[in-house]
Amino acid sequence: MLKTHMCGNLDSSSINKDVTLAGWVSRRRDHGGLTFIDLRDSSGIIQIVLRNEELNISADNISRIRNEWVIIVHGTIMIRQKGTENKKMKTGLIELIAKEITISNKSNTPPFPINEDIDIDELNRMKYRYLDLRRSKMLNNLKLRHNVTHFIRNFLSSKEFIEIETPILNVATPEGARDYLVPSRVHPGKFYALPQSPQQWKQLLMVGGFEKYFQIARCFRDEDLRSDRQPEFTQLDIEMSFVEQEDILMLIEELFTKMIDKLTPRFSIPKKFPSITYNECIEKYGTDKPDLRFGIEIHDLKKIFLNTEIIIFKKMIDDKKRIRAINIPNGSTLSKKQIKKYNEIAIKYGSKGVASISLDHQIDINNPSMDQVDSLLKQFLSQNELENLIQEMKSEAGDLILISADEVSVTSNILSEIRVLSAELMNLIDYDKLSFCFVTEFPMFEFNKLEDRWTAMHHLFTMPFEEDIHLIDNDPGQVRSHAYDIVCNGQEVGSGSIRIHQADLFLKVLKRLDIDEKIAYEQFEHMIQAFSYGAPPHGGIAPGIDRLVAILAKESDIREVIAFPKTKTAADILTGAPSFVDQKYLDELQLSINEDERQS
RNA sequence: GGCCCCGUAGUGUAGCGGUCUAACACGCCACCCUGUCACGGUGGAGAGCGUCGGUUCGAAUCCGAUCGGGGUCGCCA
């Protein structure tokens, strides 16, 4: 090794030791005959003291050293002179008195500051990602990511799981997300698909008798991106045989609580992760990924407004639509502008708006006076309705009630978004809290309006509730499944299910999904076959590593925990991928490109 | 595919119809400085405002298109 120690690992125990350090110049302070260099390596930063007269290189050469140059320094670790200690630095009690310096490599002036924690344009960061990675934030995030995967591997290994790799080149399947395709040279006209997840492989491993499998697996989905979605992402893929849903959930709960306890103890997490059913979740929070760091639950107001004079509500009830509301504590202090923003949210989801009822801070909650209510509905709202409303919403003086009346899914979208927005505005969120929960009993099927058919909500290997199987043919929307999500702070961090392991049930599901029997046999023959050779009951879960690490790193964008992420258009700025390829490759693959589409 | 936001020296921002041949901070270059740690001091260089077109006597500033980045809805079993 060109160095004997790491900068950040040195402390007072090394005083008077001769060491050789190597790294990058993070900052220099040139005082003429005396120069300080903050030397950075992957472990941290230490101050180097350069005295012209004590060095092997000329004063001229010392003054030429610049940020990000790579230097190797030999010298003695000394305690700092009294009064010159730096409490802000981990190594601030000591310093390296340099005797010999080797300049290993010079550096151009970096395109953005490496030694400051400021926001740089994303495009620039991606173009020079290797420099961005030198910044302490990225270093810490990727270290945390390593710690997470390391912990996972140890934890699952200790529970006798074994890690098995599965193929990247797979057969394309019609269901689910759009596949990334890879053309085959040996089979002209045929394509592999990159895995959306190792779903089928892990089930085949269960049939293969490995009762406990895991893999930290790369997955690919060719869909539009978001700050929490990359075209390639990593999931912790877990599958077990002879398990019930509860076994999987308990395993994940133990893994996550122990991991967070060890790696990021500053977070407070529930000892037990609460479980909530999908239906209850939608009723209370309007979403299947609720943020439970704060209250504000959705209430149904139908019974209060059954005989109302408020025409719009009456109409909604007659049309079998819903009237639902949330109560924002102290929300009467919100500005008109904010209320307008709420209405814009409602319009975004295709509704006309939200009705607001603002309660004065002086109002007597047990005997409310209409004079202390501010609302556009006021003249049609009866005293009785007001009282019932306050009681139902458990409102207090100064609160704001927001009512959305529309189809159930529309009110859910609106109220769930307003709920989170309001909690942020009213400072109801404790950002040191990780409110994990499980959402269970997802519907087996959902109707896809675009394709005019039923699709699998989780995936087509999900086990339906035994007692709901008879509904598959006639009332598929009512079939519950053994599919579950793990949710944290309003984000889905993983989902899983107990799987179908019997061929006949699988065929019944495929039929429901209107997948032609012949095609089904072509696409899934291997699964059907496998199920017919003593497939054990099995199930699993797949937490997303990127999202999990982002949450633990307090990052809102998963790109901040991925070394080389892609842009929103799935491009890699650094390397230029995707790119056009030489005609000879296309010829070999027997592919031709529509020239109209080809631009440079 | 729809909607929205952003694009000014190397970096981060200001300027939002004439006072802008564009300002500030950091960085950069030169010189000075032996205890600094966001070192300090003196001096200096560096952009014509993503691109194209339009409106106007006059455009970083207004309008349109386009490119790039980001957000969001759809989509993401």
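Residue numbers start from 1 in every chain, and the chains themselves are labelled A, B, ... in the order their sequence lines are given, proteins ahead of strands.
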Margin query: Checking one value: the base orientation of B:rA23, syn if chi is within 90 degrees of 0, otherwise anti.
Written below: anti
Checklist line | Those residues of residues 439-447 of chain A lying under 4.0 Å from RNA chain B by at least one heavy atom | finding: none
Notebook entry, point to check: Which whole-number value in Å describes the distance from A:I94 CD1 to B:rC37 C1'?
Noted result: 15 Å
Item checked: Complementary nucleotide for B:rC62 - Watson-Crick or wobble, under 3.5 Å -> B:rG54
Next item on the list: Could you list the residues that satisfy salt bridge (Lys or Arg N to Asp or Glu O under 4.0 Å) with A:R28, not counting sequence neighbours?
Entry: none
Next item on the list: Grab the two heavy atoms, one from A:N343 and one from A:G353, that are nearest each other, plus how far apart they are.
Entry: OD1-CA, 3.2 Å
Item checked: Of all pairs that satisfy ring-ring contact (aromatic ring centres under 6.0 Å, His included), the ones with a partner from residues 497-517 of chain A, not counting sequence neighbours -> A:F461-A:F506, A:F506-A:F524, A:F506-A:F531
Margin query: My understanding is that only one of A:Y484, A:F465, A:Y278 makes a ring-ring contact (aromatic ring centres under 6.0 Å, His included) with A:F442; could you say which?
Written below: A:Y278
Notebook entry, point to check: Taking the nucleotide of RNA chain B with the closest heavy atom to each, which residue, A:M457 or A:I573, is nearer the 5' end?
Noted result: A:I573
Margin query: Is the phosphate of B:rG69 approached by A:T567 (side-chain N or O, under 4.0 Å from OP1 or OP2)?
Written below: yes
Next item on the list: Select base, sugar-phosphate, or nothing to describe what A:T569 touches, counting heavy atoms under 4.0 Å on all strands.
Entry: sugar-phosphate
Interface polar pairs with nucleotides 39-48 of chain B, N/O, under 3.5 angstrom:
{"unit_1": "B:rC39", "atom_1": "OP2", "unit_2": "A:R29", "atom_2": "NH1", "d": "3.2"}
{"unit_1": "B:rC39", "atom_1": "N4", "unit_2": "A:D30", "atom_2": "O", "d": "2.3"}

Next item on the list: Check whether any side-chain heavy atom of A:Q215 lies under 4.5 Å from a side-chain heavy atom of A:E239, and answer yes or no.
Entry: no
Next item on the list: Taking the side chain as every heavy atom from C-beta outward, state whether A:T462 and A:M444 have any pair of such atoms under 4.5 Å apart.
Entry: yes
Item checked: ring-ring contact (aromatic ring centres under 6.0 Å, His included) contacts touching residues 28-63 of chain A (sequence neighbours left out) -> A:H31-A:F36
Notebook entry, point to check: Looking for any heavy atom pair under 4.0 Å, which part of the strands does A:E53 touch: base, sugar-phosphate only, or nothing?
Noted result: base
Note to self: Checking understanding here: a glycosidic angle within 90° of 0 is syn, the rest anti, so what is B:rG48?
What the structure shows: syn
Margin query: For a quick check, with a 4.0 angstrom heavy-atom cut-off, what is the B/S/- contact string for nucleotides 7-16 of chain B, read 5' to 3'?
Written below: ---SSS----
Item checked: Any-strand Watson-Crick or G-U partner of B:rC39, both distances under 3.5 Å -> none
Next item on the list: Identify whether any heavy atom of A:K568 sits under 4.0 Å from a base atom; if not, whether one sits that close to sugar-phosphate; answer base, sugar-phosphate or nothing.
Entry: base
Using distance only, find each side-chain donor-acceptor pair of residues 168-178 of chain A under 3.5 Å and give its atom names and separation, not counting sequence neighbours.
{"unit_1": "A:N170", "atom_1": "OD1", "unit_2": "A:W201", "atom_2": "NE1", "d": "2.4"}
{"unit_1": "A:N170", "atom_1": "ND2", "unit_2": "A:P167", "atom_2": "O", "d": "3.1"}
{"unit_1": "A:N170", "atom_1": "ND2", "unit_2": "A:I168", "atom_2": "O", "d": "3.0"}
{"unit_1": "A:E175", "atom_1": "OE2", "unit_2": "A:R453", "atom_2": "NH2", "d": "3.0"}
{"unit_1": "A:R178", "atom_1": "NH1", "unit_2": "A:D222", "atom_2": "O", "d": "3.0"}

Next item on the list: Pick the P atom in B:rU55 and in B:rC73, then give their distance to the nearest Å.
Entry: 40 Å
Notebook entry, point to check: Contact class for A:R66 vs. all strands (heavy atom < 4.0 Å): base, sugar-phosphate, or nothing?
Noted result: sugar-phosphate
Item checked: Proximity to RNA chain B (any heavy atom under 4.0 Å), residues of residues 220-240 of chain A only -> A:R221, A:E223, A:D224, A:R226, A:S227, A:R229
Note to self: If I take atom CG in residue A:L123 and atom P in nucleotide B:rC6, what distance separates them, rounded to the nearest angstrom?
What the structure shows: 17 Å
Item checked: With sequence neighbours excluded, residues passing salt bridge (Lys or Arg N to Asp or Glu O under 4.0 Å) with A:D228 -> A:R547
Check: A:L421 versus A:K341: any side-chain heavy-atom pair under 4.5 Å?
Finding: yes
Margin query: Over all strands shown, is A:Y349 touching base, sugar-phosphate only, or nothing at heavy-atom distances under 4.0 angstrom?
Written below: sugar-phosphate
Next item on the list: Could you tell me whether A:R559 contacts a base, only the sugar-phosphate backbone, or nothing, with contacts defined as non-hydrogen atoms closer than 4.0 Å?
Entry: sugar-phosphate
Next item on the list: Sequence neighbours left out, what passes salt bridge (Lys or Arg N to Asp or Glu O under 4.0 Å) with A:R324? Give chain and number order.
Entry: none
Checklist line | Identity of whatever pairs with B:rA23 - Watson-Crick or G-U, under 3.5 angstrom | finding: B:rU13
Side-chain polar contacts of residues 86-98 of chain A - donor-acceptor pairs under 3.5 angstrom, sequence neighbours left out - could you list them?
{"unit_1": "A:N86", "atom_1": "OD1", "unit_2": "A:K88", "atom_2": "N", "d": "2.8"}
{"unit_1": "A:T91", "atom_1": "OG1", "unit_2": "A:I45", "atom_2": "O", "d": "2.7"}
{"unit_1": "A:E95", "atom_1": "OE1", "unit_2": "A:Q47", "atom_2": "NE2", "d": "3.1"}

Check: Which one is paired to B:rC28, where only Watson-Crick or G-U wobble pairs with both distances under 3.5 angstrom count?
Finding: B:rG44
Next item on the list: Give every residue pair that meets the ring-ring contact (aromatic ring centres under 6.0 Å, His included) criterion with at least one member in residues 109-139 of chain A, sequence neighbours excluded.
Entry: none
Check: For B:rG7, which nucleotide is its Watson-Crick or G-U wobble mate, given both distances must be under 3.5 Å?
Finding: B:rC67
Check: Any idea which of B:rC37, B:rA30, B:rG70 is nearest the A:E122 side chain?
Finding: B:rG70
Next item on the list: Take A:N413 and A:Q199, find for each the nucleotide of RNA chain B with the closest heavy atom, and name the residue whose nucleotide sits nearer the 5' end.
Entry: A:N413
Item checked: Check: A:Q196 and A:Y180 side chains under 4.5 Å, non-hydrogen atoms -> no
Note to self: Measuring only the C1' atom in each nucleotide, how far is B:rG10 from B:rG27? A whole number of Å is fine.
What the structure shows: 7 Å
Next item on the list: Ignoring the backbone of A:K88, work out which of B:rG69, B:rC73, B:rA38 is nearest its side chain.
Entry: B:rA38
Check: Are side-chain heavy atoms of A:T287 and A:I282 found at a separation under 4.5 Å?
Finding: no
